[in-house]
Amino acid sequence: MCLGVSRGATYERDDGLVIMNYDKCIGCRYCEVACPYGARAFNWEERGDDPNPRAPEWGTPEVERRPRGVIEKCTFCVHRIDGGLAQGLRPGVDPEATRPA
Ligand code: SF4
C-alpha cells in the first residue's frame, strides 16, 4: 500500500482499515500526490524525535502524536474501534466504540 521506499508505513489491516505506522514513514510524499481524495497531509518540518509542537495535547490524548516530517491521514478512530471490540461492543452500532465522546 505504501508507495515510498519505506514499505509498510501505510498498511491495510485484516478488517480493511488503511492506517499509518509513523515510525516507518520517510516523508517522501508520494502517497500525498497519488491520493485521489486529497486525504493526506504532510507534517512540515524535518523529521526528528521532537514532538510536533503544532499537534494539540488536548482532545484525544489516547491518539499517538504525529512526529514531524511524516504524512498523516484520518485514523478512522481506530483506537475507539479496537477499544470497543475489546469491550465486546460493536463499532458502527455502539456509540462508545464509534464516535468521540
Ligand atoms: S510519505 Fe510515508 S506513507 Fe506516504 S508513500 Fe512516503 S513513506 Fe509511504
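All values derive from a computational prediction rather than experimental measurement. Remember, it's 1-based here, ligands and their atoms both numbered in the order they're listed.
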With heavy-atom distances below 4.0 Å as the criterion, list the atoms of ligand 1 near [X].
{"X": "C31", "answer": "1 (S), 3 (S), 4 (Fe), 5 (S)"}
{"X": "T10", "answer": "3 (S)"}
{"X": "R29", "answer": "1 (S), 6 (Fe)"}

### Closest non-hydrogen atom pair, I71 against C25
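Taking every non-hydrogen atom into account, N-SG, 3.5 Å.
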### Query
Measuring to atom 2 (Fe) of ligand 1, does C25 have an N/O/S atom at a distance below 2.8 Å?
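Under 2.8 Å: C25 contacts atom 2 (Fe) of ligand 1 through an N, O or S atom.
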### Query
Considering only heavy atoms, does I26 approach ligand 1 within less than 4.0 Å through its side chain, its backbone, both, or neither?
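Answer for I26: both.
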### Query
Just how far is it from atom SG of C35 to atom CZ of R40, taken to the nearest 0.5 Å?
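Here the interatomic distance stands at 6.5 Å.
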### Task
Spell out, as yes or no, whether a donor-acceptor pair under 3.5 Å connects the side chain of K73 to the backbone of V18.
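Yes.
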### Task
Could I get the full list of side-chain hydrogen bond (donor to acceptor under 3.5 Å, both in side chains) partners for D15, not counting sequence neighbours?
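R13.
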### Task
Just jot down the ring pair (Phe, Tyr, Trp, His ring centres under 6.0 Å) partners of F42, sequence neighbours excluded, or say none.
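For F42 the ring pair (Phe, Tyr, Trp, His ring centres under 6.0 Å) partners, ignoring immediate neighbours, are W44.
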